[in-house]
Protein chains: 2
Amino acid sequence: MYVPTIKDVAKAANVSVATVSRVLHNLSGYSDKTKQKVLQAIEELGYHPNAIARGLINKRTQTIGVLFPNVSSGFSSEILHGIEEVAHEKGFSVIVCNTAEDGKRTMKYLQVLREKQVDGIVFTSEVLKDEYYQALKEMSIPVVLVNTQSHKHMIPYVKVDDRQAAYQATAYLIEKGHREIAMISGHLWDPIAGAPRMEGYRQALEDHGIEFLESRVAYGDFHWESGRRAMESLLAEAPSFTALFAASDEMAIGAMGAVFEKGMRIPDDLSIIGYDDLTLSKSVFPPLTTIHQPLAQIGCLASDKLIALIEDSQNVSSSIVSHHIVERQTVRSKG
Amino acid sequence: MYVPTIKDVAKAANVSVATVSRVLHNLSGYSDKTKQKVLQAIEELGYHPNAIARGLINKRTQTIGVLFPNVSSGFSSEILHGIEEVAHEKGFSVIVCNTAEDGKRTMKYLQVLREKQVDGIVFTSEVLKDEYYQALKEMSIPVVLVNTQSHKHMIPYVKVDDRQAAYQATAYLIEKGHREIAMISGHLWDPIAGAPRMEGYRQALEDHGIEFLESRVAYGDFHWESGRRAMESLLAEAPSFTALFAASDEMAIGAMGAVFEKGMRIPDDLSIIGYDDLTLSKSVFPPLTTIHQPLAQIGCLASDKLIALIEDSQNVSSSIVSHHIVERQTVRSKG
DNA sequence: AAGTTTTACGTAAACGTTTACCTAAATAAA
DNA sequence: TTTATTTAGGTAAACGTTTACGTAAAACTT
């Protein structure tokens, strides 16, 4: 299979490879006439530069790696979309990695990305274990964290203020007249999406003089099934409540299913507010009131930051992006 | 930033680079003693092979490119998950591309993938324009199509039999006693997901002696919003019907919203069957009865096929994967 | 007209591997 | 013992670019 190289072009145009390279990069140092010859040769031979060879010499691959715990979740895929969008704009390709929240696998990916000489990495939605950090550090390329952060190390991140967002969600319910508010939380050992949201919930309760009841909270893993189960147990065992804050839209929607199955209505019998604002949240019925995280935008920002770091290598700022409540139809004013 | 190369390892171990390369690849031609020396040098220096240099010489990058019209859809991301899974298993990385159904952009991606020397490409869920085919052909690397196919050219594909699946969906509704069945279809100029599903629907009607009414079908673009609009117009203008077949789950869910808003119940007042079986379809309420397409499996299969093609280069079989109806709670037996 | 600067190129090394080919020593076969 | 074969290892070319450096001609200066 014959594929023309820059040498073939040079030969065909009767110039040196240096000259071809120069016209390819719009550098100076050739007459208009030779430029035409070269362009014509390129055209005729159907020449396409080889980015691998290019990468070898400039030590730049124009490629970034992105790690997700689960690529196929509505959550991840929206972030990916954002990342890909600006990466493409800026001339970078993105390699996706699905860690499956597995340490071994993550390390394997990190090694692959290293060998493939990616120019930067974005690490999303998982806590950055020490092991990962070491590997990343050894690679000495820029990294940005998305929807997670490292308290131990200075690594730029972009995320929402979880504690505050949870606070607002809860406060919103309170404003609407609810005082008996249950929560479906992530696990407390999750320092990113677990504990902080719970704290926001507690704080809001406390600030409004409402007693916090451990018995009104159930725990899940952010996914649909766990939300459903959590709701069932809440309905069965918790002191009565008129509103629910779920730490993820998926869990909120799982909870809604459980509620409907009991023959109750939303928001008439129970108000629910979610967290994330996945695309699907506006399509369920009734459309879910929730905390909007600008996922695509988070992806864009992360990509932007990473590429700035790659190209400049100074600058280590993080971003707290702003969330807001999107009012749809699962919360009702009470009293 | 110092990064050790194979030469450094060779020097440290007092052998030639050839020997280092040999132990790296488990070839023969060295004693156990030298092997140990080399391994130790690798360890001490923290050496990691450079896949770019490797790629340059073996003309293999162990990377594939995947094109999606929209990476963030529940549909695409599940396929991606499957693709990534087996690619990773077999030692390949995947570069994702979001074509946004834009010709210019697609061509740009194709060029990038070519320059980056990917070993193969999977092209999903869009019709393969001639322009794309030419570009692909020039690259002379394996390609597999997913959820699409080319009647004009021999390119392996993996997809479901759309016509048959639509037939079964409609027949299922008929079996359940429905005779007045509306459809929300994709656009008929879509030769993959549009026309064939409509044909299946018509055929099923005809085979059961039911008259096909153009007025009972509305058109959408497979997305939620269009499903909602289509349903509204059906409800307002179509002859009455007791069941609906939607050509995508998203449209089915959009339709459900419109139905609920009119105060009607599902499946009591109207039965609905969707198409795709997205993850979200089991979490809406009531859970959607639908045609299951094994999306992740389709991805796996495509990846498998592509890599086989890359490694062997013979073998051009396509696969029609089997769909099936998953009965949930949106269809009711009538009469 | 002579010197100076600029323009338009070409040459060749370098990037980090793999691998074909070569050689010398060790081992086996006769 | 001599010859043939295998083993252990080295040398250097090749992959397709980029770019520092060199040089002759052309274009300005004065």
Side-chain angles (χ1 to χ4, degrees), chain A residues 1-39 41-42 45-63 91 111-112 114-119 139, chain B residues 1-39 41-42 45-63 91 111-112 114-119 139:
Chain A
M1 190 80 274
Y2 167 70
V3 177
T5 73
I6 198 174
K7 283 182 193 167
D8 300 309
V9 174
K11 202 165 298 174
N14 244 302
V15 299
S16 71
V17 294
T19 297
V20 177
S21 179
R22 282 189 271 254
V23 346
L24 243 24
H25 291 281
N26 271 312
L27 302 179
S28 58
Y30 49 86
S31 69
D32 211 52
K33 205 184 324 160
T34 46
K35 176 175 181 176
Q36 295 313 321
K37 277 196 303 181
V38 170
L39 257 22
I42 287 175
L45 297 178
Y47 166 77
H48 290 262
N50 180 325
I52 295 299
R54 191 174 277 172
L56 182 57
I57 196 155
N58 350 296
K59 293 158 168 321
R60 265 294 217 57
T61 53
Q62 300 296 119
T63 303
Q111 188 188 331
V112 170
R114 176 183 206 156
E115 295 191 357
K116 290 233 163 100
Q117 315 288 126
V118 297
D119 299 330
M139 302 175 64
Chain B
M1 192 80 272
Y2 166 70
V3 177
T5 72
I6 198 174
K7 282 183 194 167
D8 299 311
V9 174
K11 200 164 300 171
N14 246 302
V15 298
S16 71
V17 295
T19 298
V20 177
S21 180
R22 283 189 270 253
V23 346
L24 243 24
H25 290 282
N26 272 310
L27 302 180
S28 59
Y30 49 84
S31 68
D32 210 52
K33 204 186 322 166
T34 46
K35 176 173 179 178
Q36 293 315 319
K37 276 195 304 181
V38 170
L39 256 23
I42 287 176
L45 296 178
Y47 167 76
H48 290 262
N50 181 325
I52 295 300
R54 189 175 279 171
L56 181 57
I57 195 153
N58 359 292
K59 290 155 170 323
R60 265 294 217 57
T61 53
Q62 300 294 119
T63 303
Q111 189 189 328
V112 170
R114 177 183 206 156
E115 296 191 355
K116 291 235 163 102
Q117 314 288 126
V118 297
D119 299 329
M139 302 176 63

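A, B, ... follow the sequence lines: proteins, then strands. Residue 1 opens every chain.
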Open item on the list: Tell me every residue that passes salt bridge (Lys or Arg N to Asp or Glu O under 4.0 Å) with Arg54(A), counting only those two or more places apart in sequence or in another chain.
Closed with: none
Open item on the list: Run the side-chain hydrogen bond (donor to acceptor under 3.5 Å, both in side chains) test against Asn50(B) and tell me which residues pass, sequence neighbours left out.
Closed with: none
Open item on the list: My understanding is that only residues two or more places apart in sequence, or in another chain, count here; which of them pass side-chain hydrogen bond (donor to acceptor under 3.5 Å, both in side chains) with Ser21(B)?
Closed with: none
TODO: Whole angstrom is fine here: how far is it from NZ in Lys11(B) over to P in dG10(D)?
DONE: 14 Å
TODO: Using five pairs at either end of the helix from dA1(C)-dT30(D) to dA30(C)-dT1(D), determine the angle between the two local helix axes and round it to 10 degrees.
DONE: 40°
Task: Leading and trailing nucleotides of DNA chain C with any atom under 4.0 Å from heavy atoms of chain B - done: dG16(C) to dT19(C)
TODO: Using the test side-chain hydrogen bond (donor to acceptor under 3.5 Å, both in side chains), find all partners of Gln36(B) that sit at least two apart in sequence or belong to another chain.
DONE: none
- [ ] Compare every heavy atom of Ile52(A) with every heavy atom of Leu56(B), then report the nearest pair and how far apart it is.
- [x] N-CG2, 3.6 Å
Task: Set of side-chain hydrogen bond (donor to acceptor under 3.5 Å, both in side chains) partners for Gln62(B), sequence neighbours left out - done: Arg60(B)
- [ ] Work out which heavy atom in Asn26(B) is nearest to a heavy atom in Tyr30(B); give both atom names and the distance.
- [x] CA-OH, 4.0 Å
- [ ] Could you pull out all residues at least two apart from Arg114(A) that satisfy salt bridge (Lys or Arg N to Asp or Glu O under 4.0 Å)?
- [x] Glu138(A)
Task: Side chain to side chain, Ile42(B) and Leu24(B), heavy atoms closer than 4.5 Å - done: yes
- [ ] Could you check if a side-chain atom of Gln111(B) sits within less than 4.5 angstrom of a side-chain atom of Glu115(B), using non-hydrogen atoms only?
- [x] yes
Open item on the list: Testing the basics here: between Gln117(B) and Thr61(B), what is the closest heavy-atom pair and its distance to 0.1 Å?
Closed with: O-OG1, 2.8 Å
Task: All side chain to side chain contact (heavy atoms under 4.5 Å, CB included) counterparts of Ala12(A), not counting sequence neighbours - done: Ala41(A), Leu45(A)
Open item on the list: Using a heavy-atom cut-off of 4.0 Å across all strands, would you classify Thr34(A) as base, sugar-phosphate, or nothing?
Closed with: sugar-phosphate
TODO: With rounding to the nearest 0.5 Å, note down the distance linking OG1 in Thr19(B) to CG in Asn14(B).
DONE: 11.0 Å
Task: For DNA chain D, the residues among residues 13-24 of chain B that have a non-hydrogen atom under 4.0 Å from it - done: Asn14(B), Val15(B), Ser16(B), Val17(B), Ala18(B), Thr19(B), Arg22(B)
Open item on the list: Any non-hydrogen side-chain atom of Tyr2(B) less than 4.5 Å from a side-chain atom of Asp8(B)?
Closed with: yes
TODO: Check whether any side-chain heavy atom of Thr63(B) lies under 4.5 Å from a side-chain heavy atom of Lys116(A), and answer yes or no.
DONE: yes
Task: Nearest-nucleotide comparison on DNA chain D, the residue closer to the 5′ end among Ala53(B) and Gly29(B) - done: Gly29(B)
Open item on the list: Which residues in residues 54-61 of chain B have a heavy atom closer than 4.0 Å to any atom of DNA chain D?
Closed with: Leu56(B), Ile57(B), Lys59(B)
Extract from the structure each pairing of a protein N or O with an N or O of nucleotides 25-27 of chain D at less than 3.5 Å, listing the distance.
none

